[in-house]
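In what follows, a single structure is set out as structure tokens and then discussed.
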Amino acid sequence: MAERVALIGVGIMGSGMAANWLRKGFDVSVYNRTRAKTDGLAALGARVAETPADAAHDADYVVAMVSDDDVSRALWLGPDGALAAAKPDAVLIEASTLTPDWIRELAARVTETGRGFLDAPVGGSKAAAAEGKLVMFVGGSAETLARAQHVLDAVSVKSTRIGDNGAGATWKLINNMMAGSQLAVLAEGIALARRAGIDMALAEELIRSGPTASGMVGQKLPRLVADSFDNPDFALEMYAKDLRYI
């Protein structure tokens, strides 16, 4: 019998993760507050749940990918929450970008029930999620990570244990602080170059070949040069939330 994964939250990142689990042979149940966002996954074979508890009740692994601490708290601990409904031997994985304080509180609540818990926020954009090429920053015990490793491997190219619960969340905020700083400065540089009348193709060449180039800069540079902001990889309001958490 195929192992069962429940995913709560199927936005830009979660939808790609769920699709990869389905393609790789897991039984997948999904829950999303906006139900229409589950339609594509239902067409791929996912079971659409009515509540977080409904998604979690028969799952071997319960994963959340949501926007912030308040949503995470509600889906795990609120009415029809996933924690109380999860199987006694399930592993619960919080993959959202959240505060370490909340992660440690949630970890304590999960541990009290005897279930395994990992915080495993992800690095990578929409394309990486769709292609199963995320990287995961993991907090939790080595034993729990070993149990869930194959589940993480199905959606990622690398998962690194940073330390105990909360360490993954902490590194994710550090990661996003550095990435966000690069992107803010890159955007300012492109805006100044455009205002000064510098050819955008030349500006792109100079940035790519210069000392300020990085993986993040290279990934976002073409869209900034083209002034193309449709179909975003990540919502600005979510990055603002991350910066507040940092």
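Since we're looking at a predicted model, the values are computed, not measured.
- Under the 3.5 Å distance criterion, the side-chain polar atoms of Asp54 are matched with a main-chain donor or acceptor of Glu50.
- Cluster annotation: Val135 is not connected to Met13 through the hydrophobic network of ILVMFWY side chains, with a link wherever side-chain heavy atoms come within less than 4.5 Å.
- Heavy-atom minimum distance, Leu183 versus Tyr239: CD1-CE1, 4.4 Å.
- Comment: Arg223 engages Asp233 in a salt bridge, judged by a side-chain N to carboxylate O separation of less than 4.0 angstrom.
- Checked by atom type and distance alone, the side chain of Asp27 never pairs as donor or acceptor with a backbone atom of Glu3 at under 3.5 Å.
- Using modelled atom types and a 3.5 Å distance limit, the side chains of Thr38 and Asn32 yield no donor-acceptor pair.
- Side-chain contact between Met17 and Met65: present, with at least one pair of heavy atoms (C-beta onward) separated by less than 4.5 Å.
- No path of Ile, Leu, Val, Met, Phe, Trp and Tyr side chains, each step under 4.5 Å between heavy atoms, connects Val122 with Ile8, placing them in separate hydrophobic clusters.
- The minimum heavy-atom distance between Val62 and Ala56, with the atom names listed, is CG2-CB, 3.9 Å.
- Closest non-hydrogen pair, Ala53 versus Gly81, comes out as CB-O, 3.5 Å.
- Of the possible polar contacts, one joining the Ser214 side chain to the Val217 backbone as a donor-acceptor pair under 3.5 Å is found.
- Within the 4.5 Å cutoff, no side-chain heavy atoms of Asp68 are placed close to those of Met238.
- Judged purely by atom type and a 3.5 angstrom limit, Arg115 uses its side chain to pair as donor or acceptor with the backbone of Lys87.
- Counting only heavy atoms from C-beta outward, the side chains of Met178 and Ile174 approach each other to under 4.5 Å.
- For the pair Lys220 and Gln182, the minimum side-chain heavy-atom distance is 4.5 Å or more.
- Pairing each heavy atom of Pro100 with each of Thr170, the nearest pair is CG-OG1, 3.3 Å.
- Side chain of Asp119 to backbone of Ala95: no donor-acceptor contact under 3.5 angstrom is found.
- For Arg109, the CZ atom is loosely surrounded, since the number of other residues' heavy atoms within 6.0 Å does not exceed 12.
- Using a 4.0 Å cut-off between charged side-chain N and carboxylate O, Asp89 and Arg147 make no salt bridge.
- Between Leu152 and Leu145, the closest side-chain pair of non-hydrogen atoms falls below 4.5 Å.
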Thr144 and Ser141: CA distance, side-chain angles, deciding distance, side chain to side chain donor-acceptor pair (under 3.5 Å) verdict: CA-CA 5 Å; Thr144 304; Ser141 73; 2.8 Å; yes

Checking side chain to side chain contact (heavy atoms under 4.5 Å, CB included) for the pair Lys172/Asn176: CA distance, chi angles, key distance, verdict? CA-CA 6 Å; Lys172 177 60 188 293; Asn176 280 20; 3.1 Å; yes

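- Taking the side chain as every heavy atom from C-beta outward, Phe26 and Asp60 never approach each other to under 4.5 Å.
- In this structure, the separation between CZ on Arg104 and CG on Leu98 is 12.5 Å, given to the nearest 0.5 Å.
- The cluster map of Ile, Leu, Val, Met, Phe, Trp and Tyr, joined by side-chain heavy atoms under 4.5 Å apart, puts Leu77 and Tyr31 in the same cluster.
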Less than 3.5 Å apart, which donor and acceptor atoms pair up between the side chains of residues 197-204 and the rest of the protein, not counting sequence neighbours?
unit_1	atom_1	unit_2	atom_2	d
Asp199	OD2	Ala201	N	3.1
Asp199	OD2	Leu202	N	2.9
Glu204	OE2	Arg208	NE	3.2
Glu204	OE2	Arg208	NH2	3.3

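- Closest non-hydrogen pair, Ser125 versus Leu134, comes out as O-CD2, 4.2 Å.
- Cluster membership for Val155 and Val5, using ILVMFWY side-chain heavy atoms within less than 4.5 angstrom, is shared.
- With hydrogens and angles disregarded, no donor-acceptor distance shorter than 3.5 Å links the side chain of Arg33 to the backbone of Gly9.
- Here the CG-CG distance, from Leu41 to Leu7, works out to 8.0 Å after rounding to the nearest 0.5 Å.
- Put simply, the side chain of Trp21 gets close to the backbone of Val151: a donor and an acceptor are under 3.5 Å apart.
- Smallest separation of non-hydrogen atoms from Glu94 and Ala64: OE1-O, 3.2 Å.
- Note on Ile190: it does not cluster hydrophobically with Leu206, by side-chain heavy-atom contacts below 4.5 Å among ILVMFWY residues.
- Atom CG of Leu243 and atom CG of Leu236 lie 9.0 Å apart (nearest 0.5 Å).
- In this structure the side chain of Ile12 never reaches within 4.5 angstrom of the side chain of Phe234, judged on heavy atoms.
- Using a cutoff of 4.0 Å between basic side-chain nitrogens and carboxylate oxygens, Asp58 and Arg4 are scored as salt-bridged.
- The CG atom of Leu106 sits 9.0 Å away from the OG1 atom of Thr111 when rounded to the nearest 0.5 Å.
- Proximity of a side-chain donor or acceptor of Lys241 to a complementary backbone N or O of Thr97 within less than 3.5 Å is detected.
- Between Leu221 and Ile207 the shortest side-chain heavy-atom distance falls below 4.5 Å.
- Thr99 contributes a side-chain N or O that, together with a main-chain N or O of Trp102, makes up a donor-acceptor pair within less than 3.5 Å.
- Taken from CG in Leu118 to CD1 in Ile93, the straight-line distance is 5.5 Å, to the nearest 0.5 Å.
- Listed for the Lys24 side chain is a donor-acceptor partner under 3.5 Å among the backbone atoms of Ala154.
- To the nearest 0.5 angstrom, Ile162 atom CD1 is 12.5 Å from Asn165 atom CG.
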